[in-house]
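Just so you know, ligand 1 is whichever comes first in the structure, and atom 1 is the first atom listed for that ligand. Just the heavy atoms: all of them, side chains too, but no hydrogens, waters or symmetry mates, feed the values below.
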Amino acid sequence: MHTVKIEAVLGDITLQDVDAVVNAANRQLAGGGGVDGAIHRAAGARELREACRPLAPCEPGDAKATPGFRLPARWIIHTVGPVYRDGRHGEAEVLANCYRRSLEVAEQLGARSVAFPAISTGVYAYPRREAAEIAVRTPRGRPGTVTLVRLVAYDRETWNLYQELLGG
Ligand code: ADP
């Protein structure tokens, strides 16, 4: 059995040379702003939109895969994070499900390396530290074929949190 290596980098998820990148999508899988917009532009907006259409809607905490098109990654795993309200509406459970389900889908695809953005920490307003704790904790010790989980921070604050929580 493999152990999953979890690492953090500061960078742009669209440039990651991994088997699958995770997209912080919306329920309609229709593309949007933030990391979703960046992934759609880099992959090829028209192709990706067409690939997403038959997969929608995607419920919060669930995940669905498309090809990566023009990305270095072979697949994009679209997951829908929770909109953060006050932490008492099951947000932590839904966010953990995003990481869990994305890894399950990655396994089904045979992906060995998977890059995640900091799901829900942009427009969906999830507090960065709590989200980072879930991002670091959920993939830990997971059996399966995924050997590398790369947490991609787009800002220094998130990157510092990942380093701290990973014991780096
Ligand atoms: P959500 O709606 O799930 O909050 P956002 O796209 O608004 O999604 O933000 C999620 C996180 O993705 C934020 O921390 C944001 O800074 C980050 N982000 C935005 N663009 C990129 C990118 N190109 N690569 C990696 N992370 C990104």
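- Other residues, nucleotides and ligands contribute only 12 or fewer heavy atoms inside 6.0 Å of the CZ atom of R74.
- Geometrically, ligand 1 and V123 share a nitrogen or oxygen pair separated by less than 3.5 Å.
- Atom 24 (N) of ligand 1 has as its closest protein heavy atom I13 N, 3.0 Å.
- In Q16, neither the side chain nor the backbone holds a heavy atom less than 4.0 Å from any atom of ligand 1.
- Between A24 and ligand 1, a contact under 3.5 Å exists for no N or O pair.
- D12 counts as a contact of ligand 1, since one of its heavy atoms falls under 4.0 Å from the ligand.
- In the vicinity of R128, heavy-atom distances shorter than 4.0 Å reach the ligand 1 atoms 14 (O).
- Shown in contact with A38 at under 4.0 Å from a heavy atom are these atoms of ligand 1, numbered in order with element: 23 (N).
- When only non-hydrogen protein atoms are considered, atom 3 (O) of ligand 1 lies nearest to S120 N, 2.9 Å.
- Summarising the geometry of V152 relative to A115, their closest heavy-atom pair is CG2-CB, 4.0 Å, with the distance given to 0.1 Å.
- Residue D36 has no nitrogen or oxygen atom sitting less than 3.5 Å from a nitrogen or oxygen atom of ligand 1, judged on distance alone.
- Under 3.5 Å, the side chains of R128 and T158 contain a donor-acceptor pair of N or O atoms.
- Nearest heavy atom pair, residue F116 against residue C98, reads CE2-O, 4.5 Å.
- Considering both main-chain and side-chain atoms, V152 never comes within under 3.5 Å of ligand 1 through any nitrogen or oxygen pair.
- Nearest protein heavy-atom contact of atom 26 (N) of ligand 1 is Y154 CB, 3.4 Å.
- Residue G122 places at least one N or O, backbone or side chain, under 3.5 Å from an N or O of ligand 1.
- At the shortest separation from atom 14 (O) of ligand 1 among protein heavy atoms lies T121 OG1, 2.7 Å.
- Ligand 1 lies nowhere less than 4.0 angstrom from a heavy atom belonging to G81.
- Ionic pairing of E59 and K64 is not present here: no N-O contact between side-chain nitrogen and carboxylate oxygen is shorter than 4.0 angstrom.
- Between E164 and R129 there is a salt bridge, since a side-chain N of the basic residue sits under 4.0 Å from a carboxylate O of the acidic one.
- Ion pairing of R53 with E50 is absent here, as no side-chain N (NZ or NE/NH1/NH2) approaches a carboxylate O to less than 4.0 Å.
- Closest approach of A8 to W159, counting heavy atoms only: O-NE1, 3.7 Å.
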Problem set entry | Trace of the side chain to side chain contact (heavy atoms under 4.5 Å, CB included) decision for D19 with V114 | CA-CA 6 Å; D19 296 331; V114 184; over 6 Å; no
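- Taking atom 11 (C) of ligand 1 as the reference point, the nearest protein heavy-atom neighbour is A118 O, 3.3 Å.
- Distance from atom 6 (O) of ligand 1 to its nearest protein heavy atom, with residue and atom name: V35 N, 2.8 Å.
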Exercise. When you look at H78 and T66, which way does the side chain to side chain contact (heavy atoms under 4.5 Å, CB included) test go after all the steps?
Worked result: CA-CA 8 Å; H78 305 265; T66 65; 3.0 Å; yes
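- Polar contact with ligand 1: absent for T14 (N/O pair, distance under 3.5 Å).
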Exercise. Is there a side chain to side chain contact (heavy atoms under 4.5 Å, CB included) between D36 and N26 once you walk through the steps?
Worked result: CA-CA 8 Å; D36 195 7; N26 52 51; 3.7 Å; yes
